[in-house]
Each structure stands twice: as C-alpha cells, then as structure tokens.
Amino acid sequence: MVTTTTRAVNAIFHQFSFARSVRHQINMADYKEAPLATRPRTLDPNDYFNLSQEKRRADEERAALRANLKRQYLTQLNNPSRTELIEDPALTRWVYARANPFPHFRPTFKTSLLGIVFGVVPLVTLYYIFKTDRDRKEAQIKAGTRDRKFNLAY
Amino acid sequence: MAGVGFRRWAQTLTKGRGVGISALLSGARAASGASKDSLPGPYPTTPAERAAAAKKYNLRVEDYEPYPDNGQGFGDYPKLPDRSQHERDPWYQWDHPDLRRNWGEPMHWNFDMYIRNRVDTSPTPVSWNSMCKQLFGFIGFMLFMFYIGEVFPAYQPVVSPAQERSDELFM
C-alpha cells in the first residue's frame, strides 16, 4: 500500500527532476524520516489521498470538541467579574496522573526488572567498585608503595 | 495552596458576624474545582468505562487509547501520539502560545519532555544516515588526528647538547 502511494508521489515529482543534471539527486519522494521523528505533512500521502467521509467526520468531531473547549475558556477569560485564575482540568488530571502511579502499579516481570536495573544494580555495583578501589589504595598506602604527592599538612 | 486558604479565611471573616465566623469554625469550605470523577482512574475494562474515560479526557471514543495495562502505573490515562510541541502550528492562536496548547486539551504523559525547550520530534532536514556520517565522521577524524599528534609530536623544544646533558643529571 505504501509503495503504490510513494510511486504515485514519485510520478508527480518525476516531471520536475528529468531536466536536472545526471549526478545523484535526492528525490523528495524518497525522503525517509529519522527514527522517532515525524514525516513532514507535505510528504504525508494520508493528507493528499485520504478524502474519505470517515476521516472528514472524524475531523469534524474533533473540531467540535476543540471548539467547545475554546468556548468554555474564552467565556471564563472574558468574564469581567472574574477575579481568580482559570483552572485547567486537563492540567489537574495530568499532574494527578503523574503524581499517583502507585494505585495502578502491579509487580510484573517488566516492572520488577526495571526496578532492579535502575534501583538495585547501580547501588550494588557502585558500592563494590568504590570499596575495592579504596581497599586497594589503602593496602598500597600501608605497604608504602603509593605515590602520595598532595600533603594535607606540612 | 496556602494563598487560597488564607484568602478564603479572610473572606469568611470579613463577611461579618454570624454566618461567616461559624462557617470558618465548622471547617466547612466550598467545593474545589476537580471532583473525584474528573480525575484519572484505573484502566477501563468495559466499553462503557472506555466511553466515560474518553469523555472525561475530552477525546473521541475512537481516538481514546489507554496505555496497555502492564502495571506500570498509567491507569486510564490516554496514550497520545509522541509528537513534540515543536511540530504544532506556530501561527495558530493557541490559548497558551509558548506551550502551543489550548485550554482543556489532553496533555501527553511526557508533556514536560516535549516542550519547545526540550525534545524535538519534528522532521529532520537531513536524513538519519547523513547525520550519522557527519557526526561520527567528524568525531572519528578528530580522534584519529589527535592520535597521530601523540605519535608524531610537532614543535619539540630545541635545546643545545650541553643543556640536554645537564638536564639529564637532574631528571
């Protein structure tokens, strides 16, 4: 499905590229987005070729939701007798959700693994690294083989 | 929080004797904004719960997709597309222009990561391969040249043979 649309877009762009020189041209239709980044909207075939009724109805419903929220916000904003801040329930929900994950926490393989990898392993490995390094240095000092250049007192 | 409490306390006192003072003493206060059912809850299991959650978050029922219930603590919070605020239209009249967000719009779980000072997921002008080649090529070249510089140092100090001999004594 994707190859047919890219071929169609390729055909549209090809008529502008045949007049150029022979050296290797980067055709915009061959654009491949970076991992985790998005595709520009002008190269998104969904934007050009998806003219179905379902998509339009969906867009209209989303616009209706947006317009309703806008109306609520502007009514509060332009109310001359308002003295307090306009509270945003979406913000409240976001803060609450981020601050209270524990009621929905369940110990599973993945969560236990994450807890061990990020909580227990650094603690234990750093303890062992520092302990062995310092014990080695202490043994060297006791044996007199360590080169101690910086004196604390003269 | 403390500011709101103080204001309400002051308002109650200044309302005069009788009703104001007794309201303060009884500890009753006006209901605050968010009620319990407008806050995030547990993962929705039935279609009715999904519809209610979609309505709560101001999303279409078809658009509402909760995070998978894997015990990581998301509850019924919606999984929005991982797009940064860099990608939003800079010319639209947003309610909060610096955040490019409208009032009441559902916020991404990682919203504070996707603000315009931080992670940017907008389309890159150069391809990934080209970026990798440029970055690692430059770093690799510099590392290689510094290594060559260690092996073949330039601009060594020039000393006479007599000074070299006397330096060796004090080494």
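The analysis underlying the following values was restricted to heavy atoms, covering all of them including side chains, and did not include hydrogens, waters or symmetry mates. Chain naming here is simple, since letters A, B, ... match the order of the sequence lines and numbering starts at 1 in each.
- Residues B/His96 and A/Leu91 are not in side-chain contact: their nearest non-hydrogen atoms beyond the backbone lie 4.5 Å or more apart.
- Contact check for B/Met107 versus A/Asp88: no side-chain heavy atoms found under the 4.5 Å cut-off.
- In this structure, chain B has heavy atoms under 4.5 Å from both the backbone and the side chain of A/Thr38.
- A/Val95 and A/Phe105 fall into different hydrophobic clusters, where Ile, Leu, Val, Met, Phe, Trp and Tyr are joined by side-chain heavy atoms under 4.5 Å apart, directly or via other members.
- Other residues, nucleotides and ligands place more than 12 heavy atoms under 6.0 Å from the CZ atom of A/Arg82.
- Applying a 4.5 Å heavy-atom cutoff, the residues of residues 51-62 of chain A that approach chain B are A/Ala58, A/Glu61, A/Arg62.
- Residues A/Pro89 and B/Tyr57 are not in side-chain contact: their nearest non-hydrogen atoms beyond the backbone lie 4.5 Å or more apart.
- Heavy atoms closer than 4.5 Å to chain B are found in the side chain of A/Tyr31, but not in its backbone.
- Top candidate by heavy-atom pairs under 4.5 Å with chain A, chosen from B/Gly75, B/Pro106, B/Pro42, B/Gly73, is B/Gly73.
- Within the 4.5 angstrom heavy-atom criterion, atoms from both the backbone and the side chain of A/Tyr73 approach chain B.
- Taking non-hydrogen atoms and a 4.5 Å limit, the residue list of residues 108-132 of chain B in contact with chain A, ordered by number, reads B/His108, B/Trp109, B/Asn110, B/Phe111, B/Asp112, B/Thr121, B/Ser122, B/Pro123, B/Thr124, B/Trp128, B/Met131.
- A 6.0 Å sphere centred on CG of A/Leu85 holds no more than 12 heavy atoms belonging to other residues, nucleotides or ligands.
- By the criterion of side-chain heavy atoms lying less than 4.5 angstrom apart, applied directly or through intervening Ile, Leu, Val, Met, Phe, Trp or Tyr residues, A/Val124 is not grouped with A/Val117; the two fall into different hydrophobic clusters.
- By the criterion of side-chain heavy atoms lying less than 4.5 angstrom apart, applied directly or through intervening Ile, Leu, Val, Met, Phe, Trp or Tyr residues, A/Phe118 is not grouped with A/Val120; the two fall into different hydrophobic clusters.
- Clustering ILVMFWY residues whenever any of their side-chain heavy atoms sit less than 4.5 angstrom apart, transitively, puts A/Leu123 in a cluster other than the one holding A/Ile116.
- Ranked by non-hydrogen atom pairs under 4.5 Å with chain B, the options A/Pro103, A/Ala64, A/Ala34 are led by A/Ala34.
- The hydrophobic cluster containing A/Val121 does not contain A/Ile129, counting ILVMFWY residues as joined when their side-chain heavy atoms lie under 4.5 angstrom apart, directly or transitively.
- Rounding to the nearest 0.5 Å gives a distance of 10.5 Å between OH of B/Tyr43 and CZ of A/Arg106.
- The contact list for residues 79-95 of chain B toward chain A, using heavy atoms and a distance under 4.5 Å, reads B/Arg83, B/Glu87, B/Tyr92, B/Gln93, B/Trp94, B/Asp95 by residue number.
- For the pair B/Arg60 (side chain) and A/Leu65 (backbone), a donor-acceptor distance under 3.5 Å is absent.
- In this view, B/Gln72 and A/Lys110, A/Thr111, A/Leu114, B/Asn70, B/Phe74 satisfy the side chain to side chain contact (heavy atoms under 4.5 Å, CB included) rule, not counting sequence neighbours.
- Enclosure of atom CG in A/Leu36 is not indicated, since only 12 or fewer non-hydrogen atoms of other residues, nucleotides or ligands lie within 6.0 angstrom.
- Heavy-atom distances place both the backbone and the side chain of A/Leu69 under 4.5 Å from chain B.
- Between A/Gln76 and B/Trp103, the closest heavy-atom pair is OE1-CZ2, 3.6 Å.
- Nearest heavy atoms, B/Arg101 versus A/Ala90: NH2-CB, 3.4 Å.
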